[in-house]
Amino acid sequence: MARPAPFSAAAAQAIPAAMPARPFSSLLLACLLAACAQEPVLDRQAVLDEVLANYRANLAGMRPLSAPPADGQATAAGAATMPALNGLPAQAAQLLGQPPATVRRLLGEPRLRRREGDAEIWLYQSPSCHLDVMFYGEPGGPAGSRAAPAGLRVTYATARAAGAERRTEAACLQELATQARRS
């Protein structure tokens, strides 16, 4: 019976040197694969177009309009009025002209409420979006009193993403309304 040939000195040295290469090659392969994975490409022009469209919608809503008529009341001939909201708006600008009761019905109580003179500012927050709403009305009480302004209506409203994630105003308003229903 023939005996197997003993390992040569060169073969004996090559085996231990090759052993650490296996874990190293696996680690190298994993790093290369991770480096090849790319995040989705952000279309900056599309983002800018979306921001500009939301900004224009807010500006369009800022033109002087009278508040929605109360039930049974007629409006002056030729006067532009904001429509009364029956459902959740798709844009923050659709809140313009609405009374606090309508905003509360749609979005619940604000996280923060602050009075500044005849104005009242409400802030709504969710994990990924914020909504600023400003109400303005006639003074409700004598000069220097702390009485709340009477006849408040939304004069400014803007929704924005809370972080780096892209959010449309419609998605932001929907998220706030959903959060209000859970509360």
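Being a predicted model, the structure only gives us computed values, none of them experimental.
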- Query: Which is it for L176 and H130 under the side chain to side chain contact (heavy atoms under 4.5 Å, CB included) test, yes or no, and what are the steps along the way?
  - Reply: CA-CA 8 Å; L176 290 167; H130 295 198; over 6 Å; no
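- R167 and E175 are joined by a salt bridge, as a carboxylate oxygen and a charged side-chain nitrogen come within less than 4.0 angstrom of each other.
- Between the CG atom of D118 and the OH atom of Y136 there is a distance of 4.5 Å, given to the nearest 0.5 Å.
- In this structure, L131 CG and S126 OG are separated by 9.5 Å, a value rounded to the nearest 0.5 Å.
- Here the closest non-hydrogen pair linking V154 and A157 is CG1-CB, 4.1 Å.
- Across all their heavy atoms, Q179 and Q125 have their closest contact at NE2-O, 2.8 Å.
- P99 has its side chain within reach of R153: a pair of non-hydrogen atoms, C-beta onward, lies under 4.5 Å apart.
- Closest approach of W122 and P100 over heavy atoms only: CH2-CB, 3.6 Å.
- A92 and A159 make their closest contact through CB-N, 3.9 Å (heavy atoms, listed as atom of the first residue, atom of the second, distance).
- Note that CG of L106 is 10.5 Å distant from CD of Q94, once rounded to the nearest 0.5 Å.
- The distance from atom CZ of R113 to atom OH of Y124, rounded to the nearest 0.5 Å, is 7.5 Å.
- Atom OG1 of T158 and atom CE of M134 lie 11.5 Å apart (nearest 0.5 Å).
- A salt bridge does not link E120 to R114: none of the charged side-chain nitrogens sits closer than 4.0 Å to a carboxylate oxygen.
- Atom-to-atom distance recorded for T102:OG1 and L107:CG is 10.5 Å, nearest 0.5 angstrom.
- When all heavy atoms are compared, the tightest approach of L173 to Q91 is CD1-C, 3.6 Å.
- Counted within 6.0 Å of CZ on R111, heavy atoms from surrounding residues, nucleotides or ligands total 12 or fewer; the atom is thus considered open.
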- Intermediate values then yes/no, side-chain hydrogen bond (donor to acceptor under 3.5 Å, both in side chains), S128 and E165: CA-CA 8 Å; S128 59; E165 182 181 338; 5.0 Å; no
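- Both L88 and V103 are assigned to one and the same hydrophobic cluster, defined by single-linkage of ILVMFWY side chains at heavy-atom distances under 4.5 Å.
- For the pair V133/P110, no side-chain contact is recorded, criterion being any heavy-atom separation below 4.5 Å from C-beta on.
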